[in-house]
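Values below: all heavy atoms of this structure, side chains included; hydrogens, waters and symmetry mates excluded.
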Amino acid sequence: MQRVDEHGDPGASPAVVADLAVAMGELEASEHPRWVWESAATDYAALLGAGVLVERSHDLALVEAALLGYAGRFGESSRLAAAAARLRNEPVPPDEPARPTATQPGLFDDTTPRPLDDAVAVHAAQCAQLASPDGPDAWEPAPVTAARLRLLAATDSACGLVAAEMGHDGVPWRIDVHDRLLTEALGPRPRHGGRPPRLQALAERIAALLDVPRLNPDSAAEITTAFRHAGILLTSTRSFALRRLDHPAIEPLLEYKALARLHAAHGWAWSDEWVRDGRFRPEYVPAGVVSGRWASRGGGALQIPRAVRAAVVADPGHVLVVADARQLEPRVLAALSVDAGLIDAARSGDLYDAMATEAFAGDRATAKIAILSAMYGGGTGGGSSAVALATFRRRYPRALGLVEAAARVGEAGGLVRSVLGRTCPYAGVAPAGTTSETDDVEAQALRRSRDRGRFTRNFVIQASAADWAGVLLAVLRGRLAGIDDAARLVFFQHDEVVVHAPQALAGEVAAAIDAAADEATRLVFGSTDVSFPMPATVVPDYAAAK
DNA sequence: ACAGACCGCGCC
DNA sequence: AAAGGGCGCGGTCTGT
């Protein structure tokens with residue numbers, strides 16, 4: 001263990017302790033320092049196992065990743081060993097292949113001496129980079145100051161703590177409720193795998209209606225052939241395309257697809273694999289997505305379908321406090337662009353409603369399409385979304401100007417950053433399937449350029465929204481710790497949090513979420529007129545939240 | 001037989 | 001109605 005100051009300079013010489021978890025627990029209680037470690041994903045997980053919680057950290061791997069991105073150095077390893085080797089101008093050792101966290105050596109079971117000097121050196125270098133950011137030219141929606149980049153580093157580090165704690169605690173999950181939901185939808189669980197009764201019945205009905213014995217509805221090729229024999233040419237077997245067709249097999253096929261999806265992705269096998277002791281325990285990866293959104297490994301944690309959310313039930317005497325930031329991305333666009341009209345709309349609790357009243361003749365759906373098209377790069381065809389986008393351009397010129405500026409930079413091959421300095425990667429190779437032999441080279445280049453523009457256009461918004469959500473999470477974690485250890489974040493999904501808490505604390509938790517949203521807004525956007533409402537509902541189970 | 005690409009769909 | 005951003009995952013299909 002080594003003490004360092006806020007610039008990363010070491011003070012006294014390293015201390016050797018007999019029991020690291022005990023020593024850290026004592027220091028945490030007496031001094032609540034900012035712990036510097038390679039990665040909460042490995043190091044904090046071990047500490048949590050020993051029952052020690054910490055307040056603050058500096059996550060070398062997460063900060064290294066953010067700083068590498070800021071410097072435009074994508075694809076380089078953010079592991080401590082790699083960062084230390086770069087500092088020493090030595091060859092960078094290859095990353096070990098990813099292993100499940102449980103089997104990774106952490107602070108507590110590594111038999112080799114920890115590279116304490118490496119950690120001290122890399123930390124000091126990161127502090128220096130955070131104090132005077134240095135990176136390639138990039139388009140920024142707001143100047144990325146040292147203060148903003150430091151906030152990004154602190155936020156990613158805090159999110160590392162939240163992710164480790166959520167992974168450790170797990171999401172409350174009632175397998176009996178889950179089983180009941182599945183049985184109601186699919187029929188009883190088949191004993192030896194295979195299709196549940198309702199799926200089998202639907203498959204047979206579809207086969208009969210298309211006159212193809214043993215037709216497999218999961219096979220796009222078989223479905224396409226079967227419909228061709230029935231006189232219908234399919235361009236795709238996606239639900240939205242099928243829905244428009246007129247054939248008696250369509251309705252059971254759509255039903256089959258929905259139920260088959262439930263069975264395959266979140267059915268009994270999923271429950272067997274991912275739920276233990278009444279908790280669903282996925283692994284969260286903070287900033288695992290280029291935009292800084294979280295990713296997850298295993299169990300599809302960020303895609304829990306509405307159909308099974310009733311299985312997320314609070315423990316006896318407890319409740320779930322569920323809150324999502326309403327229309328987060330449009331509000332981020334309003335705050336970044338300082339568009340007077342959009343800021344006006346963002347004063348309202350329902351931004352789309354306000355836009356509709358102001359500019360879309362009261363048509364909320366069209367108002368929503370207009371702003372989503374602006375942020376995602378839609379409305380380029382001649383359809384109704386193009387008309388909506390034209391109205392948006394006229395009424396909210398600065399907002400559209402911001403995303404179009406970001407798109408132009410991307411089309412020209414440049415970099416863009418989020419409000420806190422998260423930086424988009426350079427264009428990679430064209431994804432497979434986006435080229436065809438009939439295209440000439442220029443057409444392919446043009447499409448790549450436009451795809452890139454759509455990506456950077458959205459990146460500015462999505463990544464800045466992820467900045468805000470990360471700060472919210474970091475602030476909320478601190479506020480919850482001030483209420484009671486029993487009030488725990490158990491789920492986070494882009495713009496939504498779920499807190500599991502004793503019933504008596506529900507009101508305090510809801511107030512903490514509200515205050516955390518305000519604080520995040522002030523930290524990220526300063527004194528903006530845009531409000532970021534995050535109303536909480538107190539529910540017994542997740543399905544009751546919306 | 002196995003690996004990786006592709007598709008489709010759940011979530012935001 | 002139409003088709004634009006980001007993911008993870010399971011099934012099929014294809015190439016070796």
Side-chain angles (χ1 to χ4, degrees), chain A residues 195 216-224 234-244 253-254 256-267 269-270 273-274 282-285 287-309 324-329 332-333 363 365-366 368-389 403 406-407 410 416 418 422 424-425 431-434 447 450-466 469 491-497 542 546:
Chain A
R195 286 198 187 108
N216 177 10
D218 288 320
S219 164
E222 288 186 36
I223 289 294
T224 305
L234 300 181
T235 50
S236 117
T237 60
R238 284 146 73 172
S239 293
F240 83 82
L242 295 176
R243 219 176 298 279
R244 291 182 309 216
L253 179 56
L254 290 171
Y256 176 91
K257 283 163 99 62
L259 293 178
R261 166 95 197 161
L262 175 65
H263 178 239
H266 285 89
W270 175 90
E273 184 173 358
W274 293 104
E283 185 181 352
Y284 299 95
V285 188
V289 175
V290 288
S291 64
R293 278 185 174 184
W294 288 27
S296 68
R297 264 196 297 266
L302 302 185
Q303 296 100 240
I304 299 174
R306 293 180 186 280
V308 298
R309 289 187 179 182
D324 74 300
R326 299 193 66 185
Q327 302 141 352
L328 176 57
E329 295 191 348
V332 166
L333 175 56
D363 181 354
T366 301
K368 182 175 176 178
I369 286 166
I371 194 166
L372 293 182
S373 295
M375 293 190 302
Y376 290 153
T380 52
S384 57
S385 64
V387 178
L389 186 62
V403 290
V416 305
S418 73
R422 186 99 52 199
C424 77
T434 57
R447 186 164 52 235
R450 284 187 180 152
D451 286 350
R452 174 73 180 166
R454 273 197 302 278
F455 170 64
T456 54
R457 168 196 293 261
N458 182 254
F459 180 92
V460 171
I461 303 302
Q462 189 183 117
S464 297
F491 194 59
F492 166 65
Q493 181 176 230
H494 311 313
D495 61 0
E496 178 180 17
V497 296
Y542 193 18
K546 285 197 259 211

Partner set under side chain to side chain contact (heavy atoms under 4.5 Å, CB included) for A:Ala325, not counting sequence neighbours:
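Per chain and number, A:Ala325 pairs via side chain to side chain contact (heavy atoms under 4.5 Å, CB included) with A:Leu328, A:Trp468, A:Asp495, A:Met534.
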In chain order, what residues pass the side chain to side chain contact (heavy atoms under 4.5 Å, CB included) check against A:Tyr376, with sequence neighbours excluded?
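Scan of A:Tyr376 (side chain to side chain contact (heavy atoms under 4.5 Å, CB included), adjacent residues dropped) gives A:Glu329, A:Leu372, A:Asn458.
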Applying a 4.0 Å non-hydrogen cut-off, can you work out what [X] is touching in the nucleic acid: base, sugar-phosphate, or nothing?
X	result
A:Phe240	base
A:Ser239	sugar-phosphate
A:Arg309	sugar-phosphate
A:Arg293	base
A:Arg457	nothing
A:Ile304	sugar-phosphate
A:Arg244	sugar-phosphate

In this structure, how many angstroms lie between the [atom2] atom of [N] and the [atom1] atom of [X], rounded?
X	N	atom1	atom2	answer
A:Leu302	C:dG5	CG	C1'	16 Å
A:His266	B:dC11	NE2	P	10 Å
A:Gln462	C:dC7	CD	P	7 Å
A:Leu259	B:dG10	CG	C1'	14 Å
A:Asn458	B:dC12	CG	P	16 Å
A:Leu234	B:dC7	CG	C1'	14 Å
A:Phe491	B:dC12	CZ	C1'	10 Å
A:His263	B:dC9	NE2	C1'	17 Å

Does A:Tyr376 lie flat on the base of C:dG4, that is, centres under 5.5 Å apart and planes under 30° off?
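No, A:Tyr376 does not stack on the base of C:dG4.
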For [X], what residues pass the side chain to side chain donor-acceptor pair (under 3.5 Å) criterion, not counting sequence neighbours?
X	result
A:Glu222	none
A:Tyr542	A:Glu496
A:Arg195	A:Gln200, A:Asn216, A:Tyr256

Does [N] have OP1 or OP2 under 4.0 Å away from a side-chain N or O of [X]?
X	N	value
A:Arg452	C:dG4	no
A:Lys257	B:dG8	no
A:Arg454	C:dG4	no
A:Ser385	C:dA3	no

Taking every non-hydrogen atom, the tightest pair across A:Thr456 and A:Gly410
OG1-CA, 3.3 Å
Within a 6.0 Å radius of atom NZ on A:Lys368, are there more than 12 heavy atoms belonging to other residues, nucleotides or ligands?
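12 or below, so no.
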Take a 6.0 Å sphere around CZ of A:Arg309 and say whether it holds more than 12 heavy atoms from other residues, nucleotides or ligands.
yes
By nearest atom, which of the nucleotides B:dG10, B:dC12, C:dA2 is closest to the A:Pro305 side chain?
B:dG10
Given C:dG4, B:dG8, B:dC12, which nucleotide is nearest the side-chain atoms of A:His494?
B:dC12
Start at the 5' end of DNA chain C and walk down; is the nucleotide closest to A:Phe455 or to A:Ser384 reached first?
A:Ser384
Sugar-phosphate means primed atoms, P, OP1 and OP2; the rest is base. With that split, encode nucleotides 8-16 of chain C 5' to 3' as B, S or - using protein heavy atoms under 4.0 Å.
BSSSSS---
